[in-house]
Amino acid sequence: MNRLPVTLFALCLAACGARSDDAPRMLRAADTHPSGYPTVAAVEHMSEILEEETDGRVRIRVYPGRQLGEERDTIEQTVFGAVDITRVNAAALTSIIPETRVLQLPFIFRSREHRDAVLSGPIGDEILASMEPFGLIGLAYYDSGARSIYTKDQPVRAPADLKGLRIRVPGSFVAISMIEALGGNATPMEFGQVYEAIRSGAVDGAENNWPSFFDTRHYEIAKYYNLTEHSFAPEILVMSKLRWNQYDKEDQMAIRSAAEQSEAHMAALWSAREEEAQAAARANGNIIVSDVDKEAFLAAVQPVYAQYASDPRLKDLIARIEAVGPRS
Ligand code: GTR
């Protein structure tokens, strides 16, 4: 008897983890945002699709509001398989996955359309695939709008206005380098600590998108939202590779497809939340600074590009992202 096909089949079973029998029916997903936030709702929606596509075999339970820890912890737990799925911003992955650093470079994306064109194409797939050697399966990108700098007591129109200001950033060297290049003092800290840091004056401001500014109630204590729009870094949904390997090909495809389908659901929720956040800030009397000198910001962050482009792989990635249309 020719044993080769059997051996190959056995090898594939081991390598692909081609049995879903031992795999959990309920995946545990972490999110720093509270229940009702678009990213949380998107993963809940993904669960519904997944349940349908697997005839009820696999579902997801989302633990919102940092129940499973801050993003740095949940990424680590996902690598080790204690958490199955984590939704984080690209910023949180930059310390372990080199390719994600490029996504957070200030002004790398010229517009949302440019970001979408990059992420929905081969470069987006390549960055998701680059996570696998680090124990993570990149499943999907979610919109995260544009991040702008907000400040407690004074407007920021040009980099010179940041001089001496302590600005909270996520724990990412790209974000730290950016604020330093702009002349501010970067203060990295976890998301959950930012409200108290602004309130107490430990920092003079932070930077984030409209929905986060609103949902965290930072808008109640930081008067100025300065439209620097320096980052379009997306939210990213990642899964534990250890857990992934427990599913057969069919279930892996169902997980991937459900994640992809949840992107559109999230996009609709996101636009609505952005509008709601802006309306709330206006009603609250926040000052929205729109006459920002973006050219001056762009010029000031050039050293950050030089720093990351010293890695030839990232240099090539930056060039390919810049070459993607549309040119708006
Ligand atoms: C939010 C993002 C979170 C987290 C947070 C932060 O926009 O959705 O995942 O990264 O920013 O600044 O820590």
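Note: hydrogens, waters and symmetry copies are ignored here, and every other heavy atom, side chains too, is used. Note that ligands are numbered from 1 as they come in the structure, with each ligand's atoms numbered from 1 the same way. Nothing fancy with the numbering, it's 1 onward along the sequence.
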Top protein contact for [atom], by heavy-atom distance:
| atom | answer |
| --- | --- |
| atom 3 (C) of ligand 1 | E71 OE2, 3.3 Å |
| atom 11 (O) of ligand 1 | N208 ND2, 3.1 Å |
| atom 13 (O) of ligand 1 | R168 NH2, 3.0 Å |

Partner of H218 under side chain to side chain donor-acceptor pair (under 3.5 Å), picked from Y195, Y150, Y225, is Y150
Residues pairing under side chain to side chain donor-acceptor pair (under 3.5 Å) where one sits in residues 74-85, two or more places apart or in two chains, turn out to be T78-T86, D84-R243
Worksheet item: Which atoms from ligand 1 have a heavy atom of H33 less than 4.0 Å away?
Response: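 Numbered from 1, ligand 1 contributes 1 (C), 2 (C), 3 (C), 8 (O).
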(request) Report yes if some N/O of R147 lies less than 3.5 Å from some N/O of ligand 1; otherwise report no. (result)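 R147 vs ligand 1: N/O contact under 3.5 Å present.
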Taking distance alone, with no angle check, do S212 and ligand 1 share an N/O pair under 3.5 Å? yes
Can you tell me if E207 contacts ligand 1 (heavy atom of the residue under 4.0 Å from the ligand)?
no
At under 4.0 Å between heavy atoms, what of N209 touches ligand 1? The answer is side chain
### Query
What part of E190, side chain, backbone, both or neither, has a heavy atom within less than 4.0 angstrom of ligand 1?
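The answer is neither; E190 stays 4.0 Å or more away.
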Mind listing the closest non-hydrogen atom pair of I149 and E207 along with its distance?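 So the two residues come closest at CA-CB, 3.8 Å.
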Exceeds 12 heavy-atom contacts within 6.0 angstrom, atom CZ of F173: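 Count not over threshold, so no.
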Can you confirm whether N89 sits close enough to S144 that some side-chain heavy atom of one is under 4.5 Å from a side-chain heavy atom of the other?
yes
By ring-ring contact (aromatic ring centres under 6.0 Å, His included), Y224 pairs with (sequence neighbours left out) none
For L105 and V304, run side chain to side chain contact (heavy atoms under 4.5 Å, CB included): C-alpha distance rounded to whole Å, both residues' side-chain angles, the deciding distance at 0.1 Å, then the answer. CA-CA 8 Å; L105 283 173; V304 185; 3.9 Å; yes
